[in-house]
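The structure appears below as C-alpha cells.
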Amino acid sequence: MAFVEFTAKEQIGILTINRPNALNALNDQVIRELDQVLDSIDVGTIRCVIVTGAGEKAFVAGADIAQMSKLTKAEGEAFGKLGNDVFRKLETLPVPTIAAVNGFALGGGCELCMSCDIRLASETAVFGQPEVGLGITPGFGGTQRMARLVGMGKAKELIYTARNIKAPEALAIGLVQAVYPAAELMAEAEKMANRIAGNAPIAVRACKKAINDGMQVDIEAGEVIEEKLFGSCFETQDQQNAMTAFIEKRKHDPFVNA
Ligand code: DAK
C-alpha cells in the first residue's frame, strides 16, 4: 500500500495514514487503501487498533482539496459516499479503536478521528471543520458525529464558524479524552490499547456494539440490545474462566477470545 500502513504489535494494530508530504490528506486512493486495510484486520488476533498519521505535523489535514476542487456534483456525492462508507466501517470495526491525534485533524481528519471510539491528542493537535470556508459542508460524517460527541450547540458553533481549536479546548468540550506531550502520545495510546487488549475480548467487543447500537435507539430498545449481548457472554470460555477464578480466589488464565 502506498498511503496506509498497518503493523501488528502482538494484540495491538497500528494503522498509519502515510502521506506526510500532503499532511496525510485523504484522496480517493488513501480512502480506498484504508478500506482494504480495515477489511484485512483479523479480529481473532488484534484486540485494539490505534489510528494515527505519519510525520510530526499532522494526523490528517482533511480531504484532498486539490482533488476535490475539480469534482462535479455527481462525483462529489460519490466521493462523500466512499468516505462515509469507509468511515462507518471504521466506526463499526468489531474491536475498539483509539485515534492518536498527533497534529492537524481538520475536515476529513477530524471526521476520521471522530469515527474512532476514543481520541487521545498531542499538545500540538488542532481540530476543526473548515469546510464552510471552502464552500462545502463536512462530507464524511462531521455534521452527524460532532453533534453526538460534543452536543448540538458546540457542534454548530464549530462547524458554522469553521474555527479551529487546540488540544486543551478539545479536551474541555469532550472531543478528546486526554492530551499528552507529543513525544508521549503513542506510548500512552499503546498503554491504553494494551490495557483494553488484556480484558475479555468478546466482552469488550460486545460493549462496543452495545454502546454504538444503543446510541441510535431509545433507552428501552438500547437495554434490549444490552441484554442480548450480556446473555451471549455466558456462552464464552472467557466468562467461565474469569468468574471461576474469582470464586476460587485466584488470578484468571489469559483470555482466549472464545
Ligand atoms: N488537501 C491537499 N493538500 C493539502 C491539504 C489538504 N487538505 N492540507 C495540506 N496540504 C498540502 C499543502 O498543499 C502542502 O503541499 P505542497 O505545497 O508542499 O505541495 C503540504 O500539504 C503542506 O501544507 P502547508 O504548506 O499548507 O503547511 P502549513 O504548515 O503552512 O499549514 C495547514 C498547515 C494544515 C494549516 C494547511 O495545510 C491547511 O490549511 N490545510 C488545509 C486544511 C483544510 O482546510 N482541511 C479541510 C479540507 S476540507 C465531502 C467530502 C469530504 C469533505 C467534505 C465534503 N463530500 C463529498 C460532500 C471533507 C472536506 C475537507 O476535509
Side-chain angles (χ1 to χ4, degrees), residues 1-5 15-35 38 51-91 99-116 119 121-150 154-170 173 175-176 179 182 185:
M1 299 248 175
F3 297 134
V4 181
E5 279 178 6
L15 189 160
T16 307
I17 307 296
N18 184 20
R19 200 188 166 208
N21 292 345
L23 302 187
N24 304 320
L26 303 170
N27 60 19
D28 61 346
Q29 186 180 345
V30 179
I31 295 171
R32 283 180 213 286
E33 288 187 15
L34 176 60
D35 190 32
L38 292 174
V51 178
T52 195
E56 293 179 355
K57 214 165 156 182
F59 174 71
V60 165
D64 189 310
I65 298 172
Q67 190 177 66
M68 272 195 302
S69 65
K70 302 180 199 89
L71 298 182
T72 62
K73 177 173 181 251
E75 289 167 341
E77 274 183 30
F79 186 55
K81 175 156 174 48
L82 172 70
N84 272 334
D85 288 351
V86 176
F87 284 23
R88 182 78 183 132
K89 191 177 281 187
L90 173 63
E91 185 171 47
V101 183
N102 55 317
F104 291 109
L106 302 176
C110 190
E111 291 165 310
L112 180 67
C113 80
M114 291 193 294
S115 302
C116 294
R119 281 150 294 286
S122 70
E123 288 170 349
T124 55
V126 177
F127 299 81
Q129 298 289 159
E131 286 86 350
V132 294
L134 291 163
I136 55 175
T137 66
F140 293 156
T143 57
Q144 304 307 303
R145 294 193 180 94
M146 178 77 85
R148 284 167 169 77
L149 287 172
V150 304
K154 181 53 79 175
K156 286 177 174 173
E157 181 228 311
L158 292 176
I159 290 172
Y160 297 171
T161 62
R163 178 171 74 86
N164 288 348
I165 59 172
K166 293 184 177 167
E169 187 174 353
I173 65 172
L175 183 59
V176 304
V179 178
L185 176 65

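First listed ligand is number 1; within each ligand, the first listed atom is number 1.
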Check whether any side-chain heavy atom of N102 sits under 4.5 Å from a side-chain heavy atom of E56, and report yes or no.
-> no
Does P138 reach ligand 1 with a nitrogen or oxygen that is under 3.5 Å from one of the ligand's nitrogen or oxygen atoms?
-> no
CD of Q129 to OG1 of T143, rounded to nearest 0.5 Å, is 8.5 Å
Short check: is a protein heavy atom less than 4.0 Å from atom 19 (O) of ligand 1?
-> no
Hey, is L26 one of the residues with a heavy atom under 4.0 angstrom from ligand 1?
-> no
Judged by non-hydrogen atoms, does G83 sit under 4.0 Å from ligand 1?
-> no
So, do I31 and F79 sit near enough that their side-chain heavy atoms are less than 4.5 Å apart?
-> yes
Just jot down the ligand 1 atoms closer than 4.0 angstrom to any heavy atom of L106, in number order.
-> 34 (C), 42 (C), 45 (N)
Electrostatic pair K154-E157, nearest N-O below 4.0 angstrom = yes
Protein heavy-atom partner closest to atom 16 (P) of ligand 1 - residue, atom, separation in Å | N21 O, 4.7 Å
Is the shortest side-chain N to carboxylate O distance from R19 to E33 below 4.0 Å?
-> no
Examine distances only and state if a side-chain atom of R119 and a backbone atom of V101 form a donor-acceptor pair shorter than 3.5 Å.
-> no
Ligand 1 atoms nearer than 4.0 angstrom to some heavy atom of D64 are 1 (N), 2 (C)
Report yes or no: does S122 contribute a side-chain atom to a donor-acceptor pair with the main-chain N or O of T124 at less than 3.5 Å?
-> yes
Find all atoms of ligand 1 within a distance of less than 4.0 Å from any non-hydrogen atom belonging to K57, and give their numbers and elements.
-> 27 (O), 28 (P), 29 (O)
Can you list the atoms of ligand 1 that are under 4.0 Å from a heavy atom of I136?
-> 53 (C), 54 (C), 59 (C)
For L134, counting its heavy atoms only, list the atoms of ligand 1 lying under 4.0 Å from any of them.
-> 44 (O), 47 (C), 48 (S)
Inter-residue atom distance M1.CE - R32.CZ, 0.5 Å rounding | 12.5 Å
Heavy atom of protein closer than 4.0 angstrom to atom 10 (N) of ligand 1 = yes
Backbone, side chain, both or neither: what part of E131 comes under 4.0 angstrom of ligand 1, heavy atoms only?
-> side chain
Indicate whether atom 2 (C) of ligand 1 is within a distance of less than 4.0 angstrom of some protein heavy atom.
-> yes
Taking atom 26 (O) of ligand 1 as the reference point, report whether a protein heavy atom occurs under 4.0 Å from it.
-> no
Which of the ligand 1 atoms, numbered from 1, are nearer than 4.0 Å to a heavy atom of P130 = 43 (C), 44 (O), 45 (N), 46 (C)
With the side chain counted from C-beta on, respond yes when E131 and I159 share a heavy-atom pair under 4.5 Å apart, and no when they do not.
-> no
Kindly indicate whether atom 48 (S) of ligand 1 is approached by any protein heavy atom to under 4.0 angstrom.
-> yes
What do you think, any protein heavy atom under 4.0 angstrom from atom 45 (N) of ligand 1?
-> yes
From the options F87, F140, F79, F104, select the one whose nearest heavy atom is closest to atom 32 (C) of ligand 1.
-> F104
Does the N24 side chain pair with the main chain of F59, one donor and one acceptor, at a distance under 3.5 Å?
-> yes
Considering only heavy atoms of A22, which atoms of ligand 1 have at least one such atom less than 4.0 Å away?
-> 4 (C), 9 (C), 10 (N), 11 (C), 21 (O)
Option with minimal heavy-atom separation from atom 37 (O) of ligand 1, where the choices are N84, L23, V126 = L23
Can you tell me if M68 has a non-hydrogen atom under 4.0 Å from ligand 1?
-> yes
Is the shortest side-chain N to carboxylate O distance from K89 to D85 below 4.0 Å?
-> no
Around atom 52 (C) of ligand 1, find the nearest protein heavy atom and jot down its residue, atom name and distance.
-> G139 N, 3.7 Å
With a 4.0 Å cut-off on heavy atoms, is L71 touching ligand 1?
-> no
Does an N or O from A61, backbone or side chain, lie closer than 3.5 Å to an N or O of ligand 1?
-> yes
Decide yes or no for L15 and L38: does some side-chain heavy atom of the first lie under 4.5 Å from some side-chain heavy atom of the second?
-> yes
Element-labelled atoms of ligand 1 that are located less than 4.0 Å from some non-hydrogen atom of G80 = 55 (N), 56 (C)
Please check atom 29 (O) of ligand 1 for a protein heavy-atom neighbour under 4.0 Å.
-> yes
Any L112 side-chain heavy atom under 4.5 Å of F87 side chain | yes
Taking both backbone and side-chain atoms of A63, is any N or O found less than 3.5 Å from an N or O belonging to ligand 1?
-> yes
For atom 54 (C) of ligand 1, is the nearest protein heavy atom under 4.0 Å away?
-> yes
Measure the shortest side-chain to side-chain distance between L26 and L34 over non-hydrogen atoms and say whether it is less than 4.5 angstrom.
-> no
Could you tell me whether the side chains of Q67 and N27 share a donor-acceptor contact shorter than 3.5 Å?
-> no
